[in-house]
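Each chain gets a letter, A, B and so on, in the order its sequence line appears, and its residues count up from 1.
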Protein chains: 2
Amino acid sequence: MQQHILSPNFSVDCVVFGFDFENLKVLLVERTLDDKETGKALVKDHTLAGNHVFNDEDLDEAAARVLYDLTGLENIYLEQFHTFGNPDRLTKEKDIMWLESIGLNPENRVVTTAYYSLIRLNDVKIEEKGRRLVWHPVDKPIDLAFDHKIIISLALEALRTKIRTNPIGFELLPTKFTLSQLQKLYEEIFGVTYDKRNFRKKISRMDYLVPLNEKQKGVAHKPAQLFMFSKDVYEKTKKDFFDFTV
Amino acid sequence: MQQHILSPNFSVDCVVFGFDFENLKVLLVERTLDDKETGKALVKDHTLAGNHVFNDEDLDEAAARVLYDLTGLENIYLEQFHTFGNPDRLTKEKDIMWLESIGLNPENRVVTTAYYSLIRLNDVKIEEKGRRLVWHPVDKPIDLAFDHKIIISLALEALRTKIRTNPIGFELLPTKFTLSQLQKLYEEIFGVTYDKRNFRKKISRMDYLVPLNEKQKGVAHKPAQLFMFSKDVYEKTKKDFFDFTV
DNA sequence: ATTTTAAGTGTACAGAATACACTTAATTCT
DNA sequence: AGAATTAAGTGTATTCTGTACACTTAAAAT
């Protein structure tokens, strides 16, 4: 097998979620194509972070590479959730124009395996490497390329399912966070609100949420206690996280 | 795009689950390759139900087609759960021999999208169409082709996750079933046992499990009440199925 | 010193999970 | 015909979890 050739048929797309304590956001890449003569924008919208897969590369590696190439970030939480292979998924007119403009054959069938990814927006600095990036609120409509709208909505569904039974929300928070931040995160993901006392009563059962000897600073109100998530404690007391029984 | 050509790069595999009131089983296809000279078996094991995808075919369609071609069954519950794209997934020696014997190039990278599928073993008659099929208990080891062992174990995990919050277990039971059969099904899927009274107390809250005016017949003990699952009732009372709250 | 802001805290009630053992109704056996 | 076998069917007490609900506190800003 020839090495390091981008396979024309396989791609990966990453739905990168971030949380800024206000909204759950998705990382989008700006896509523009201007008419060579008039200079008018023929295509102006957004795509997910995505690219083709190398011939000798696993899908998980490809997803991590795509993220690295776009943002410079490594060791990011990545979870495969669905593969989109509708033969018509690249046949909207503006997508055909776009593919031709970057030298790809729009006739060529591309099956894409989609991942979602969780990023600590507040701990982390993203370096734009070429493409213009925007963080966009998940629930706000925006014009998207290809079938990326449906990909995002399935990603959110997959995230909701996963986070019910796995402590992955902490991937979206700084390593030290307050309980109100944690609550707000869950509220944003599920699109609901919770009662503060009841929320705290519930999570106070979780030993792996450890209170630190440290408070919030510089806020114009009573400073909150800081917490961190202990993976160690979690691994040793796994049953406690939303355990299932029929 | 040329029509009805099997794409060399894409395949689908189906992990078909069935339940015989005793064990959760998987449908496997026998695979044998005999040495032309000695007649000795070079390869003798099992594969999942799978095949390549047509050029103009969606992945979901391909999975349904593969199932139909193998068993004659239609309108079967199918759920995509993972895509396997490790470049080395077809490089075990016996798999190379096998691929060559059926005229495929083992150098060719194949990414497979895996589905699991639920079948009412007791309502349904499978017609073998060519290939020899066996129903094998999920938890019993057996020699499997390619990466099909790991595919089955991820399928089971995906089924467990899905069935926690969705009433899909009924796809594995005949349309009329007893509560003991339902309990046994959950016990097999999760590899645990439940207390009979507590199990019944829990499911008695589910309005969509409707008791029929009919009893089991021909059993050498007190005959059980028969039940069915009402999709109608379920749709109208959805919240009741294992609802989540943080 | 006062205002503003979000943090932090307790109780009563209802519903769900869990532990646990005997009676009943059909077939089969003698 | 009677006895044995088999799985179905049923209730209660206790603990745990979910839910509804309002005031006090500590910091910064005015």
Side-chain angles (χ1 to χ4, degrees), chain A residues 19-23 122 164-165 173-174 176-188 190 192-228 237 239-246, chain B residues 19-23 122 164-165 173-174 176-188 190 192-228 237 239-246:
Chain A
F19 179 60
D20 60 2
F21 303 142
E22 290 285 324
N23 292 296
N122 293 269
R164 282 180 187 206
T165 43
L173 293 168
K176 300 172 181 183
F177 52 84
T178 72
L179 297 185
S180 295
Q181 289 164 352
L182 182 64
Q183 179 175 346
K184 179 72 179 163
L185 172 62
Y186 276 80
E187 290 178 339
E188 280 299 304
F190 287 102
V192 295
T193 57
Y194 302 110
D195 175 84
K196 201 205 288 192
R197 280 174 290 191
N198 292 340
F199 184 84
R200 283 165 189 238
K201 198 190 307 172
K202 177 148 191 168
I203 64 178
S204 71
R205 265 173 256 133
M206 304 174 181
D207 302 336
Y208 44 84
L209 262 187
V210 313
L212 301 174
N213 218 332
E214 198 178 343
K215 298 198 167 184
Q216 242 182 345
K217 267 178 199 145
V219 288
H221 55 78
K222 181 170 175 179
Q225 167 85 249
L226 290 175
F227 286 78
M228 62 168 280
T237 57
K239 283 192 189 169
D240 296 332
F241 205 91
F242 296 119
D243 194 31
F244 165 77
T245 37
V246 166
Chain B
F19 179 60
D20 60 1
F21 303 141
E22 290 286 324
N23 293 295
N122 292 271
R164 281 179 187 207
T165 45
L173 293 168
K176 299 172 183 181
F177 53 85
T178 72
L179 296 185
S180 296
Q181 289 165 351
L182 182 63
Q183 178 174 346
K184 179 72 179 163
L185 171 61
Y186 276 81
E187 290 178 340
E188 279 299 304
F190 287 101
V192 296
T193 57
Y194 302 110
D195 176 85
K196 201 205 288 192
R197 278 173 291 190
N198 293 341
F199 183 85
R200 283 163 190 239
K201 197 191 304 171
K202 176 147 190 167
I203 63 179
S204 71
R205 265 173 258 132
M206 303 173 180
D207 302 336
Y208 45 83
L209 262 187
V210 312
L212 301 174
N213 216 332
E214 196 177 342
K215 298 198 166 181
Q216 241 182 346
K217 268 179 199 145
V219 287
H221 55 77
K222 182 171 175 179
Q225 167 85 249
L226 291 174
F227 285 77
M228 62 169 279
T237 58
K239 282 191 193 172
D240 295 334
F241 204 91
F242 296 118
D243 194 30
F244 165 77
T245 38
V246 168

K.L.:
Considering heavy-atom distances to DNA chain D, does A:Gly218 or A:Lys196 have its closest nucleotide positioned more toward the 5' end?
P.N.:
A:Lys196
K.L.:
Counting only side-chain heavy atoms from C-beta out, which of C:dT28, C:dA7, D:dT19 sits nearest to B:Ala220?
P.N.:
C:dT28
K.L.:
Tell me which nucleotide among D:dT10, C:dG8, D:dT6 gets nearest to the side chain of A:Ala224.
P.N.:
C:dG8
K.L.:
Please evaluate the base of C:dA16 for a donor-acceptor partner in the side chain of B:Lys202 within a cut-off of under 3.5 Å?
P.N.:
no
K.L.:
Round to the nearest Å and state the distance from A:Phe177 atom CZ to C:dA6 atom C1'.
P.N.:
18 Å
K.L.:
Identify which nucleotide among D:dA8, C:dT18, D:dT25 has an atom closest to any side-chain atom of B:Lys222, counting heavy atoms from C-beta outward.
P.N.:
D:dA8
K.L.:
Would you kindly give the CD-to-P distance between A:Glu187 and C:dA6, to the nearest whole Å?
P.N.:
14 Å
K.L.:
Which whole-number value in Å describes the distance from B:Asp195 CG to D:dA7 P?
P.N.:
17 Å
K.L.:
Provide, to the nearest angstrom, the distance between the NZ atom belonging to A:Lys217 and the C1' atom belonging to C:dT5.
P.N.:
20 Å
K.L.:
Nearest whole angstrom, please: distance from the P of D:dT10 to the CD of B:Gln183.
P.N.:
14 Å
K.L.:
So if I take every side-chain heavy atom of B:Lys201 and compare against D:dA8, C:dA19, D:dT17, which nucleotide ends up nearest?
P.N.:
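Closest nucleotide to the B:Lys201 side chain: C:dA19.
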K.L.:
Any heavy-atom pair between the side chains of A:Gln181 and A:Phe227 that's under 4.5 Å?
P.N.:
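Answer no - side chains too far apart.
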K.L.:
Roughly, in whole Å, what's the span from CD1 in A:Ile203 to C1' in C:dG8?
P.N.:
12 Å
K.L.:
Tell me: NZ of B:Lys215 to C1' of C:dT24, nearest whole Å?
P.N.:
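For the pair B:Lys215 NZ and C:dT24 C1', the rounded distance is 10 Å.
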K.L.:
Just compare C:dT9, D:dC21, C:dA16 and give me whichever is closest to any side-chain atom of B:Arg205.
P.N.:
C:dA16
K.L.:
Using a 4.0 Å heavy-atom cut-off across all strands, classify A:Thr178 as base, sugar-phosphate, or nothing.
P.N.:
nothing
K.L.:
If you apply the rule side chain to side chain contact (heavy atoms under 4.5 Å, CB included), what do you find for B:Glu188 with B:Asn23, and how did you get there?
P.N.:
CA-CA 6 Å; B:Glu188 279 299 304; B:Asn23 293 295; 3.6 Å; yes
K.L.:
Mapping B:Ser180 and A:Pro223 onto DNA chain D by nearest heavy atom, which one lands closer to the 5' end?
P.N.:
B:Ser180
K.L.:
Using the side-chain heavy atoms of B:Arg197, tell me which of these nucleotides is nearest: D:dC21, C:dA21, D:dG9.
P.N.:
C:dA21
K.L.:
Looking at D:dA20, D:dA27, D:dT10, which one has an atom nearest to any side-chain atom of A:His221?
P.N.:
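Side chain of A:His221 sits closest to D:dA27.
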K.L.:
If I take atom CD in residue B:Gln225 and atom C1' in nucleotide D:dA7, what distance separates them, rounded to the nearest angstrom?
P.N.:
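About 15 Å, once rounded to whole Å.
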K.L.:
Taking the side chain from B:Gln183 and the backbone from B:Tyr194, do they hold a donor-acceptor pair closer than 3.5 Å?
P.N.:
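Yes, because the side chain of B:Gln183 sits within donor-acceptor range (under 3.5 Å) of the backbone of B:Tyr194.
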K.L.:
Output, in order, the C-alpha distance, side-chain angles, deciding distance and verdict of side chain to side chain contact (heavy atoms under 4.5 Å, CB included) for B:Asn122 and B:Phe21.
P.N.:
CA-CA 9 Å; B:Asn122 292 271; B:Phe21 303 141; 3.8 Å; yes
K.L.:
Using the side chain to side chain donor-acceptor pair (under 3.5 Å) definition, which of the options A:Arg200, A:Lys196, A:Gln216 pairs with A:Ser180?
P.N.:
A:Arg200
